[in-house]
Amino acid sequence: MDATVEKLRGPQWDTFGRVAPFTIGVEEELLVVDADRQLLPRGPEVARAADPPEGEIVGELFRAMVESNSEISESAGEAVAALAKLRAELLTSGSRLVGTGIHPTALSGEASVQQLPRYVDIESDLRGVLRTPICGQHVHVGMPDRETAVRAYNGIRAHVPVLNALAANSPFWFGEDSGLASARTIIFRSYPRAAMGPAFDDFAHFQRVMGEICLAGGLDDYTQIWWDVRLHPQLGTVEIRAADAQFDLRRAAALAAFTHCLVKLEADRAQERIPTREALAESCFQASRHGLDATLLDREVQPVPARELALRLVEEASAIAGQLRCEHELAQVERIVRSGNGADLQRRAHEIGGMSGLLEMLEEQTSRLSPL
């Protein structure tokens, strides 16, 4: 058996149950900018200079990015409060930050890649696909065992389109309106291994598929498989990667809470019919194109307006929000439905103040660390 496949079967790749079940961790990727709010390739230096009291700040693939990671938390509010402290640490150390899926005016190929072995390999593999930094918000939810992890993974895939619609926050690319709600998602789709993953029969099925993909791509491990949702046995979690990075921490907390609740619901639910992988991929495109104005497929494979579907799911999630200690944060999803997603707010800012006004708004809002 190939060594890569064998690694996927080792105990170090199956840590489900080693962290408390249904705890949560949140990651956010942010852009580092200069005084003119243009990309500044100092992410690694910024990360090294930071001294966070909790969580961590690291460099990312592109040198103009930093990634902040909360510690394992009991609730979405706790995790995003940790991200707020990490933003504060970055700002105190002199950084200027922008929270958006992609920079609105950066040129294709303008940003440089951090020269660490892993990132050098990715750059060599993807070449011109790496056009501009793309920033997301990722949510990890701890799983008690393999079977629950597979069930939660299969089920949460059905909710990726509505998460895309709520979290869309990148309407501008390369200096113009893309016509999309989430240009980040569309750019990310051009990467290999960055689509909607398949459903799995069981954990052995997951291992087999991961092993074959790693063999086909010459990959060292499964962490270069960047699906919207993925099982992460090395961490013992299910990871949801559907959201654009947010400038507003209240929105970040709402999306994290909503995701947390949906994962718990799916982990507890018997496997039922959900849309096919192909239908979910199309529904994701509709969400990335139209945002909250999209029509999406629900879990029963019926077309529903995105706003209606989001509110319906919030009502369903509210039954367990108390258990996950996120009632306040979950309620903020309704605010996003009413006032618009980040893409809607970006377009309004651009209409009022042009591109300079939009960039000013993005930096100001990203720096606002008001209570959640």
Side-chain angles (χ1 to χ4, degrees), residues 26-52 55-70 83 86-138 169-170 172-175 178 182-194 219-221 223-226 241 243-247 252 355 358-360 362-363 365-367:
V26 182
E27 308 167 0
E28 69 170 0
E29 297 162 334
L30 299 170
L31 296 173
V32 181
V33 297
D34 61 21
D36 295 322
R37 303 185 180 95
Q38 300 304 305
L39 292 179
L40 181 66
R42 289 189 52 80
E45 293 82 1
V46 165
R48 286 194 294 269
D51 185 23
E56 65 173 354
I57 299 169
V58 297
E60 247 293 344
L61 171 63
F62 285 96
R63 287 182 50 80
M65 295 171 62
V66 289
E67 177 181 290
S68 297
N69 302 319
S70 78
L83 293 184
L86 294 173
R87 283 195 191 186
E89 171 64 22
L90 288 165
L91 294 167
T92 300
S93 65
S95 300
R96 305 174 76 118
L97 306 172
V98 164
T100 181
I102 66 173
H103 192 282
T105 64
L107 300 177
S108 180
E110 173 184 338
S112 58
V113 170
Q114 186 179 179
Q115 296 300 292
L116 294 178
R118 174 181 172 87
Y119 297 142
V120 169
D121 288 346
I122 291 173
E123 183 181 29
S124 177
D125 185 25
L126 271 58
R127 304 302 295 172
V129 173
L130 295 175
R131 286 160 283 177
T132 192
I134 54 176
C135 297
Q137 175 182 309
H138 303 167
N169 186 36
S170 50
F172 294 91
W173 62 2
F174 314 124
S178 67
S182 176
R184 177 201 72 92
T185 302
I186 301 305
I187 291 176
F188 196 39
R189 287 283 186 267
S190 68
Y191 288 22
R193 309 176 296 277
L219 309 177
D220 290 334
D221 61 63
T223 60
Q224 290 188 43
I225 299 169
W226 301 303
R241 305 160 54 84
D244 284 5
Q246 303 294 301
F247 49 79
M355 192 59 75
L358 167 59
L359 291 172
E360 181 180 358
L362 287 173
E363 184 186 5
Q365 288 288 321
T366 305
S367 303

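Note that the numbering runs from 1 along the sequence shown for the chain. Values in this document were obtained by computation on a predicted structure and should not be read as measured data.
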Rounded distance [0.5 Å steps], [atom1] in [X] versus [atom2] in [Y]:
X    : Y    : atom1 : atom2 : answer
H103 : E110 : NE2   : CD    : 8.0 Å
I134 : Y191 : CD1   : OH    : 4.0 Å
L30  : R96  : CG    : CZ    : 15.0 Å
T185 : D244 : OG1   : CG    : 5.0 Å
L83  : E28  : CG    : CD    : 4.5 Å
E29  : M65  : CD    : CE    : 4.0 Å

Are [X] and [Y] linked by a side-chain donor-acceptor pair shorter than 3.5 Å?
X    : Y    : answer
E56  : N69  : yes
S68  : E27  : no
S190 : R131 : yes
R118 : T223 : yes

Check whether any side-chain heavy atom of [X] lies under 4.5 Å from a side-chain heavy atom of [Y], and answer yes or no.
X    : Y    : result
T105 : F172 : no
R63  : V32  : no
I102 : I187 : yes
L97  : S367 : no
T132 : W173 : no
Q137 : R241 : no
Q114 : E60  : no
F62  : L130 : yes

Side-chain (S95) to main-chain (L91) donor-acceptor, under 3.5 angstrom: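 Pair absent, no side-chain N/O of S95 close to backbone of L91.
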Q115 side chain to V113 backbone, donor-acceptor under 3.5 Å: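 Judged by distance alone, yes, a pair lies under 3.5 Å.
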Exercise: identify the closest heavy-atom pair between I57 and A50: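 So the minimum-distance heavy-atom pair works out to CD1-CB, 3.7 Å.
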